[in-house]
Number of protein chains: 4
Amino acid sequence: MPVGFVQIPVGIAGPLLLDGREYSVPMATTEGCLVASTNRGCKAILMSGGATSVLLRDGMTRAPVVRFESAKRAAELKFFLENPVNYDTLAVIFNRSSRFARLQQIKCAIAGKNLYLRFSCSTGDAMGMNMVSKGVQNVLDFLTEDFPDMDVIGISGNYCSDKKPAAVNWIEGRGKSVVCEAVIKEDVVKKVLKTDVASLVELNTLKNLTGSALAGALGGFNAHAANIVSAIFIATGQDPAQNVESSHCITMMEAVNDGKDLHVSVTMPSIEVGTVGGGTQLASQSACLNLLGVKGANKESPGRNARLLAAIVAGSVLAGELSLMSAISAGQLVKSHMKYNRSSKDVSNACC
Amino acid sequence: MPVGFVQIPVGIAGPLLLDGREYSVPMATTEGCLVASTNRGCKAILMSGGATSVLLRDGMTRAPVVRFESAKRAAELKFFLENPVNYDTLAVIFNRSSRFARLQQIKCAIAGKNLYLRFSCSTGDAMGMNMVSKGVQNVLDFLTEDFPDMDVIGISGNYCSDKKPAAVNWIEGRGKSVVCEAVIKEDVVKKVLKTDVASLVELNTLKNLTGSALAGALGGFNAHAANIVSAIFIATGQDPAQNVESSHCITMMEAVNDGKDLHVSVTMPSIEVGTVGGGTQLASQSACLNLLGVKGANKESPGRNARLLAAIVAGSVLAGELSLMSAISAGQLVKSHMKYNRSSKDVSNACC
Amino acid sequence: MPVGFVQIPVGIAGPLLLDGREYSVPMATTEGCLVASTNRGCKAILMSGGATSVLLRDGMTRAPVVRFESAKRAAELKFFLENPVNYDTLAVIFNRSSRFARLQQIKCAIAGKNLYLRFSCSTGDAMGMNMVSKGVQNVLDFLTEDFPDMDVIGISGNYCSDKKPAAVNWIEGRGKSVVCEAVIKEDVVKKVLKTDVASLVELNTLKNLTGSALAGALGGFNAHAANIVSAIFIATGQDPAQNVESSHCITMMEAVNDGKDLHVSVTMPSIEVGTVGGGTQLASQSACLNLLGVKGANKESPGRNARLLAAIVAGSVLAGELSLMSAISAGQLVKSHMKYNRSSKDVSNACC
Amino acid sequence: MPVGFVQIPVGIAGPLLLDGREYSVPMATTEGCLVASTNRGCKAILMSGGATSVLLRDGMTRAPVVRFESAKRAAELKFFLENPVNYDTLAVIFNRSSRFARLQQIKCAIAGKNLYLRFSCSTGDAMGMNMVSKGVQNVLDFLTEDFPDMDVIGISGNYCSDKKPAAVNWIEGRGKSVVCEAVIKEDVVKKVLKTDVASLVELNTLKNLTGSALAGALGGFNAHAANIVSAIFIATGQDPAQNVESSHCITMMEAVNDGKDLHVSVTMPSIEVGTVGGGTQLASQSACLNLLGVKGANKESPGRNARLLAAIVAGSVLAGELSLMSAISAGQLVKSHMKYNRSSKDVSNACC
């Protein structure tokens, strides 16, 4: 049914040295400077001994909205779900949706007589939206017996929350929650990033923390995480619309080792990725997953490929943040030395 | 420098009858059901006489952060910029960045001795980030004469705000601000959308308004605007990372004509698109722009092509919202009639 | 050490018929119309059979921020705290802070190598900030043995979050989470509230849901909950600064019984109140608590007085919302009948 | 109609040296430690040469919601209002509401066919809600002639936004927008605040910026601004419910003079205060206003008293932030020196 295809250029950034292994990161983007910029960040990380990541959480969510005749009844279902005995029964029902689906939590929110049930579950190597939706449908069907007065208004009540900026994802997490860090050596900051630690720390505080605070940002405490997330998402067949919350990120830059070196980190609570299903099956996207060694389902340990992909996304964002922040910082340092050409180049960098 | 290309399937939704003209909308996505779903929405709009759009605002922004020795001095620059005489001078300096750039406003935000200057300007048919950045650089260079104590920390201080969910874009707008509406006839809601007006209005209130409110959403008062925005962005060579704020949208559904018909609208304050530069020059993307009749710069009226593209994005989102909301609503109606197959299909629809 | 006192007039609203009992609600305010307005709402509730409330959650929070040398170490403490065995040990340590303190949860948030630990605990009839802070101090002292490299930056890291509008309270709750509802009969809406059900439902959707969405509201999906919360807080010796999050509220109005009657509800996730300690001991404030029958600690069931006070706050907010929304709605209805005097009165009402 | 009064103890903090003058600041609070803490901050400011404030903006707002048959018509009213010729006419109509009311701006927001008109005007020495509401009513009455199809849904559509946490106030401002700053000398930080510059800067970054970012804060980038705001509001007869947005504040702490001294600032965009009307007329509250020299209307320059009161509120918040942040910081320093008594005192301080 497709009438054709659009082609997006793919560049390779890296090697990205992450958790002791090197990765060549495919980025699909029409902005060449984005790959070059990320590449520079990878070089700085490599020369500093590499980056480390930790997976903090892994679960996809879906939140139907159901309505009762009264808030009292809505609360009764909430308490019913919070009762361990009932929860265990529902988990069995839910998990029938797939051999990979494992219910983790049901978080409830109430607005009068309307109840929002945010189901969270592990989904193996799949991004998991269909899996969790089916599990939710199973549970709703089951609940109609004990709660015949429950009126299911929608399988999704926006408390999930999918493809919308929402605090619930920023605070509770959705998909993979990952933190990634590196210590960049003083001389690497100077020679590769062309700036200095103090300037980077100050810029991060005034731009990524203070500026975003003034802008009323939600999960947007970074320079351009969305650029790297989209480029990798498109290259590896992820859902590019999920870039909205998958790019939630707080970038921290702190001086360490008596102010000589830079500790940089990105904390990303809702990276939604999979290595099976959807666009991952297309030829070119599949090749990009293969390049990263995360193609398809992980046989020994289901979910490991998707979790590794999330870690690579975070590691690449770390590289991208390092490089753009340095370009912005250096652009100004150079300005103060009246070298306009260099500065204008950085201005264009600042646009990636 | 690219090592290759990824291919994204392109489907055509439409005809979308918008402001009296019909458009075939190219959508690059790996989820076929997304095109089918949007297509159904277009059919409902077509059978109801078409959709209408209004451009509310058009300006790209960039906000550098500068620092002074005191808040007093930062405020002095703020007052200086708000003085019409100075503003007019700066506009001349700013507009030298391009024959299309026209400074519209400089909105200031202060955090102690740090000042954030949000420049807004029209940018012809270009998305405009580079244009506005150059204009900003011109103004900053000029200001250093009157404010030698101004320390430029960064050309972007995140008050812009680019590719991050931020209230400043939701409230002030960025790029094109568009509202698009249609009145869907009672029988079209029944026959094409397989639901009824009352159910849609109720679902919209409980999901897109109430559910998003509970989720702490920022500009995310819709069902899946991001799906349609990314699909068209990728097809037409836009920056997919800007999907983050370009998909900010509030979807309203109200019963009209004594409750018989449905008034549906989408209000999108920050659609960032261009028809020249960046990815729009690539062959397949250029062909998609051509299909819409918005390829390149508009000779008679600079900016008209980009504004029309924004309107088409909004119109397509209107169609997508109509169809998914109906699928969710109908899925439940059907559930109540115990037709599981139909329901499960809607569940998968609900995942697009 | 106080040099004197300010006097705030106290009016009585009610009787508020809540969960089968009648309450005379003391409101300390300089705006007489606020008491009159709330009183009208109480009358509407009384004539409709009363309001019902449900306590959804009860726990005070405090979140210290600690720093490690790496995100890896910060994550290790997170996983340590999430291990049931360790948690149980820490609960024993924490609970030593008071015979009423019972640790409920430790929710962690990470920003690079900085860890925020949101402790939640029940606190009997006390609002509980001091109690939870002492418990947190106990746990931090204890943890320094297993985590000698943990650097305690602050006993409060703003992830608590106290006296600041923050999504974490809106989503997780703080203090008492209460939902309160009532069904207002058709004729009561007409005769007492001087408006009609359809107008109220529409106004609630366009003002409390849509208008607040456009304003970028956080937990502010109501008309004037803060007015009632502050008035009762001041009258009963609560901390008026906590009005910030205690007034978080989503007001829902839905037509029921074939559209004849009005179902109205307020859902308030973070009402922070106590009946012992702080200002509750002062003579006049203590008298107000006595008037409500919630003075001091509840001997049979510790915490019952504070929970009842929270329910009364929610019930009074329900009355206040009903009345002001009706005044705004009626003001316009009357406008359409060209009765200016009445309208202007409603305008002033709209200012409470 | 009041049945009695509650008494709130009033303490005096100060002298607060602000813009070259000393003020004794009345604080009505049941927490004695709050006055003592603020007093310590005032001492640190006094010994460092005083604080400086700048008024950035001054205007009260009210936003009615009106509905049309189509978004097209709603947009037509928006464009009509943005036309300078029409605006000038409306300003004349609006300003008839009071000899002090001066219309400054009408900011429009659209949600489909619903239009929200945020009127902003100067209001002399009054807080101004009634004044602006009357002006809005005048304009709405006038507009019905040119826009007979305009349906006024409510005089307040929550885009104002009054007594609710909303980004529109944080970004646009409401009431008085004030920035206040001071440079605290190194030895004063040591001797009076019992901590050091580096610790304060770090705590501010990790608590007031990073911690609040993680918590999804809106305008809550401070330690306890709400405490000081409410205490002064209650003492001087302001509306304590407006503490919600009046306490919006971003506190910045930066090392200056080669890291020796501390530059501290508070930026508060929406301080809603008045020196006439409402609670300001009550005896004790009037006395407190007198103590500050801002009682009643300013004859020579209408509005000067209210603006000065706003500056004093900001200056007192500056003092309060300095002191509590120091207590939290010192509490930990002391902990490391194993002096538990001192620490526990700081813990209780941390609760104010």
Side-chain angles (χ1 to χ4, degrees), chain A residues 1-12 28 30 32 65 109 111 114 116 129-130 133 137 152-159 161 163-168 203 206-207 210-212 214-218 220 224 226-227 230 235 237 240-241 243-244 278-279 284-285 328 332 347 350-351, chain B residues 1-12 28 30 32 65 109 111 114 116 129-130 133 137 152-159 161 163-168 203 206-207 210-212 214-218 220 224 226-227 230 235 237 240-241 243-244 278-279 284-285 328 332 347 350-351:
Chain A
M1 143 172 216
V3 299
F5 297 86
V6 282
Q7 291 195 317
I8 318 277
V10 175
I12 304 291
T30 59
V65 50
N114 310 292
Y116 297 75
M129 287 274 286
N130 286 322
S133 294
Q137 190 65 62
V152 179
I153 301 298
I155 185 77
S156 166
N158 277 15
Y159 194 66
S161 177
K163 301 167 184 173
K164 270 95 58 182
V168 72
L203 177 63
L206 294 182
K207 172 187 170 69
T210 307
S212 289
L214 292 177
L218 172 65
H224 71 145
N227 274 331
S230 322
N243 160 52
V244 172
S284 48
Q285 288 82 336
I328 296 174
Q332 302 317 325
V347 170
C351 302
Chain B
M1 145 173 213
V3 299
F5 297 85
V6 281
Q7 291 194 316
I8 318 277
V10 175
I12 304 293
T30 60
V65 50
N114 310 291
Y116 297 74
M129 287 275 286
N130 286 323
S133 294
Q137 190 65 61
V152 179
I153 301 299
I155 185 79
S156 166
N158 277 16
Y159 194 66
S161 175
K163 301 166 185 172
K164 269 98 53 186
V168 72
L203 178 63
L206 294 182
K207 172 187 171 68
T210 307
S212 290
L214 291 177
L218 172 66
H224 71 144
N227 275 331
S230 338
N243 162 53
V244 172
S284 47
Q285 289 81 337
I328 295 174
Q332 303 318 322
V347 170
C351 301

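A note on names: the letters A, B, ... follow the listed sequences, proteins ahead of strands, and every chain is numbered from 1.
Ranked by non-hydrogen atom pairs under 4.5 Å with chain B, the options A/Ala109, A/Ala235, A/Pro9 are led by A/Pro9. Contacts with chain A were tallied for B/Gly279, B/Ala111, B/Gly278, B/Gly157; B/Gly157 has the most, counting heavy-atom pairs under 4.5 Å. Here A/Val6 is the residue among A/Leu206, A/Val6, A/Thr30 with the most heavy-atom pairs under 4.5 Å with chain B. Your options are A/Gly4, A/Ser161, A/Ala226, and the one with the most heavy-atom pairs under 4.5 Å with chain B is A/Gly4. Counting heavy-atom pairs closer than 4.5 Å to chain B, the top residue among A/Ser212, A/Ala166, A/Ala215 is A/Ala215. Of the listed residues A/Ala217, A/Pro165, A/Ala28, A/Pro240, the one with more heavy-atom pairs under 4.5 angstrom with chain B than any other is A/Pro165. Looking only at heavy-atom pairs under 4.5 Å with chain A, the residue among B/Ile8, B/Leu218, B/Leu214 that has the most is B/Ile8.
In this structure, chain A has heavy atoms under 4.5 Å from both the backbone and the side chain of B/Asn243. Using a 4.5 Å cut-off between heavy atoms, B/Ser230 contacts chain A through its side chain alone, with no backbone atom that close. The part of B/Tyr116 that comes within reach of chain A is its side chain, from C-beta onward, which places non-hydrogen atoms under 4.5 angstrom from that chain.
In this structure, the side chains of A/Lys207 and B/Ile153 stay at 4.5 Å or more apart for every pair of heavy atoms. You'll find the side chain of B/Val65 stays beyond 4.5 Å of the side chain of B/Tyr159, heavy atoms only.
Panel note: side chain B/Gln285, backbone A/Gln7; a donor-acceptor pair is recorded below 3.5 Å. Between the side chain of A/Lys163 and the backbone N or O of A/Val244 there is no donor-acceptor pair closer than 3.5 Å.
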